[in-house]
Amino acid sequence: MKRAFALALLLAGCDVGPDPAEMDRVRQGTETVRKQLALPQSALFKGVVSPRDAVCGEVNASIGLGRTGYERFIVKGGKVALSSQFTTDAEMDALWAADCK
């Protein structure tokens with residue numbers, strides 16, 4: 001019992017919660033992506049992170065006739081790059097490697 005209490009006290013001092021600055025960047029980034037969509041309220045996000053100055057993740061949205069399927073996005077400098085905007089996957093892969101890892 002004493003050990004459990006001591007462990008709880010030790011862990012209470014650890015900051016293991018999410019980074020508020022990253023959470024704000026993620027919120028702003030997903031809102032920026034929503035503004036690019038035909039039906040912004042339909043957006044579903046997954047895997048969204050902001051490791052540095054970019055926000056990266058995947059979005060799936062409705063286009064009125066169904067969902068598009070998840071596609072990668074990067075928001076950097078207020079600009080949105082969606083996988084579907086590129087001619088090849090290699091273009092998005094290069095941006096992803098530079099900004100999202």
Side-chain angles (χ1 to χ4, degrees):
M1 182 76 155
K2 289 181 182 179
R3 285 185 184 178
F5 181 71
L7 182 59
L9 283 176
L10 180 63
L11 292 176
C14 296
D15 181 20
V16 294
D19 176 18
E22 182 177 5
M23 289 178 58
D24 189 52
R25 288 191 308 270
V26 165
R27 184 190 55 74
Q28 289 177 5
T30 55
E31 287 306 311
T32 301
V33 171
R34 282 183 199 280
K35 291 176 185 175
Q36 301 292 313
L37 303 173
L39 297 171
Q41 70 278 7
S42 71
L44 299 173
F45 294 93
K46 72 177 184 179
V48 183
V49 296
S50 182
R52 292 181 293 280
D53 61 344
V55 177
C56 309
E58 296 180 70
V59 63
N60 184 356
S62 176
I63 55 172
L65 302 172
R67 292 200 162 268
T68 60
Y70 279 98
E71 70 173 298
R72 292 184 296 175
F73 71 85
I74 300 171
V75 179
K76 187 171 182 181
K79 297 184 181 186
V80 177
L82 293 165
S83 292
S84 59
Q85 297 171 331
F86 294 98
T87 307
T88 66
D89 289 339
E91 293 172 283
M92 181 56 134
D93 291 343
L95 281 178
W96 193 269
D99 294 326
C100 301
K101 292 191 177 190

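Starting from 1, each residue takes its place in the sequence as its number. Here the structure is a predicted model, which is why all the values come from computation and not from measurement. Note that these values count all heavy atoms, side chains included, but never hydrogens, waters or copies made by symmetry.
What you find for Gln36 and Val80 is that their closest heavy atoms are CG-CG2, 3.7 Å.
To the nearest 0.5 angstrom, Leu82 atom CG is 7.0 Å from Leu37 atom CG.
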For residues 91-101, dump all side-chain donor-acceptor pairs below 3.5 Å to protein atoms at least two apart in sequence or in another chain.
| unit_1 | atom_1 | unit_2 | atom_2 | d |
| --- | --- | --- | --- | --- |
| Glu91 | OE1 | Thr87 | N | 2.9 |
| Glu91 | OE1 | Thr88 | N | 2.9 |
| Glu91 | OE1 | Thr88 | OG1 | 3.4 |
| Asp93 | OD1 | Arg72 | NH1 | 3.3 |
| Asp93 | OD1 | Arg72 | NH2 | 2.5 |
| Asp99 | OD1 | Lys76 | NZ | 2.9 |

Which pairs of donor and acceptor atoms, one on a side chain in residues 55-64, lie under 3.5 Å apart (sequence neighbours left out)?
| unit_1 | atom_1 | unit_2 | atom_2 | d |
| --- | --- | --- | --- | --- |
| Asn60 | OD1 | Gly69 | N | 3.1 |
| Ser62 | OG | Gly64 | N | 3.1 |

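Counting non-hydrogen atoms of neighbouring residues, nucleotides and ligands closer than 6.0 angstrom, the CG atom of Asp89 reaches no more than 12 such neighbours.
The stretch residues 47-57 participates, sequence neighbours left out, in these side chain to side chain donor-acceptor pair (under 3.5 Å) pairs: Arg25-Ser50.
In this view, Ser84 and Glu71 satisfy the side chain to side chain donor-acceptor pair (under 3.5 Å) rule, not counting sequence neighbours. With sequence neighbours excluded, no residue satisfies side chain to side chain donor-acceptor pair (under 3.5 Å) with Ser83. Annotation: side chain to side chain donor-acceptor pair (under 3.5 Å) contacts of Arg27 (sequence neighbours excluded): Asp24.
Put simply, Val49 and Ile74 are part of two different groups of oily side chains (I, L, V, M, F, W, Y) that touch within less than 4.5 Å, one to the next.
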Self-check item: Step-by-step side chain to side chain contact (heavy atoms under 4.5 Å, CB included) determination, Phe45 to Val26
Solution: CA-CA 11 Å; Phe45 294 93; Val26 165; over 6 Å; no
